[in-house]
Amino acid sequence: SMWCLFFTTQDVCDLKTAMTGDFDMFRRYFLSMLEQGVYVAPSPYETGFISAAHTEADIDATLAAMQTALLAAKG
């Protein structure tokens, strides 16, 4: 599976809508994930991947880190 994350209220379907994202929020999200040991792409323009190599425990840990990181992104 592939995914990416933009902090915007608009549906992202092209470069114009992608550029509506709040990049300061993404930076705070990224740094929080990194501090928690979860390495995600450093830019919302890059894609994240989930593969069969990721265990349920990996996914659960990532989701828990995301909760913390999303709160940090709000500032």
Side-chain angles (χ1 to χ4, degrees):
S1 266
M2 295 174 34
W3 61 275
C4 59
L5 181 64
F6 290 93
F7 291 95
T8 182
T9 58
Q10 296 187 25
D11 289 338
V12 175
C13 59
D14 56 18
L15 180 59
K16 182 179 178 182
T17 54
M19 291 181 68
T20 66
D22 185 326
F23 296 101
D24 285 332
M25 284 184 76
F26 185 89
R27 180 185 52 80
R28 290 189 298 269
Y29 161 80
F30 170 77
L31 291 175
S32 179
M33 291 293 278
L34 195 61
E35 288 171 358
Q36 296 177 80
V38 179
Y39 299 89
V40 296
S43 165
Y45 296 112
E46 299 179 57
T47 303
F49 296 89
I50 299 172
S51 75
H54 293 102
T55 65
E56 289 286 327
D58 293 329
I59 293 169
D60 289 343
T62 300
L63 290 173
M66 278 186 97
Q67 282 187 308
T68 299
L70 290 171
L71 289 173
K74 289 174 69 175

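The analysis underlying the following values was restricted to heavy atoms, covering all of them including side chains, and did not include hydrogens, waters or symmetry mates.
- The environment of CG in Asp14 is crowded: more than 12 heavy-atom neighbours from other residues, nucleotides or ligands sit within 6.0 Å.
- Residue Cys4 comes nearest to Phe6 through the heavy atom pair SG-CE1, 3.6 Å, listed as atom of the first residue, atom of the second, then distance.
- A donor-acceptor pair under 3.5 Å is absent between the side-chain atoms of Asp60 and the main chain of Ala57, judged by distance alone.
- Among all heavy-atom pairs drawn from Leu5 and Leu70, the shortest one is CD2-CD2, 4.4 Å.
- For the pair Thr20 and Thr17, the tightest heavy-atom approach, listed with the atom from each and the gap, is OG1-O, 2.6 Å.
- Other residues, nucleotides and ligands contribute more than 12 heavy atoms inside 6.0 Å of the CD atom of Glu46.
- As a member of the Ile/Leu/Val/Met/Phe/Trp/Tyr network built from side-chain separations under 4.5 Å, Met2 groups with Phe49.
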Given side chain to side chain contact (heavy atoms under 4.5 Å, CB included), test Ile50 with Ile59 step by step and report yes or no. CA-CA 9 Å; Ile50 299 172; Ile59 293 169; 4.3 Å; yes
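- Contacts classified as side chain to side chain donor-acceptor pair (under 3.5 Å) and involving residues 62-74 (residues at least two apart or in different chains) are not found.
- Both Leu31 and Phe7 are members of a single hydrophobic cluster when ILVMFWY side chains are connected at heavy-atom separations under 4.5 Å.
- The aromatic rings of Phe26 and Tyr29 are tilted relative to each other, their planes meeting at an angle between 30° and 60°.
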Sequence neighbours left out, cut at 3.5 Å: what donor-acceptor pairs do the side chains of residues 34-41 make with other protein atoms?
| residue | atom | partner | partner atom | Å |
| --- | --- | --- | --- | --- |
| Gln36 | NE2 | Ser32 | O | 3.2 |
| Gln36 | NE2 | Ser32 | OG | 3.1 |
| Gln36 | NE2 | Ala65 | O | 3.1 |

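- Hydrophobic clustering (side-chain heavy atoms under 4.5 Å, transitive across Ile, Leu, Val, Met, Phe, Trp, Tyr) groups Leu15 together with Val12.
- With rounding to the nearest 0.5 angstrom, the CZ atom of Phe23 is 3.5 Å from the OH atom of Tyr45.
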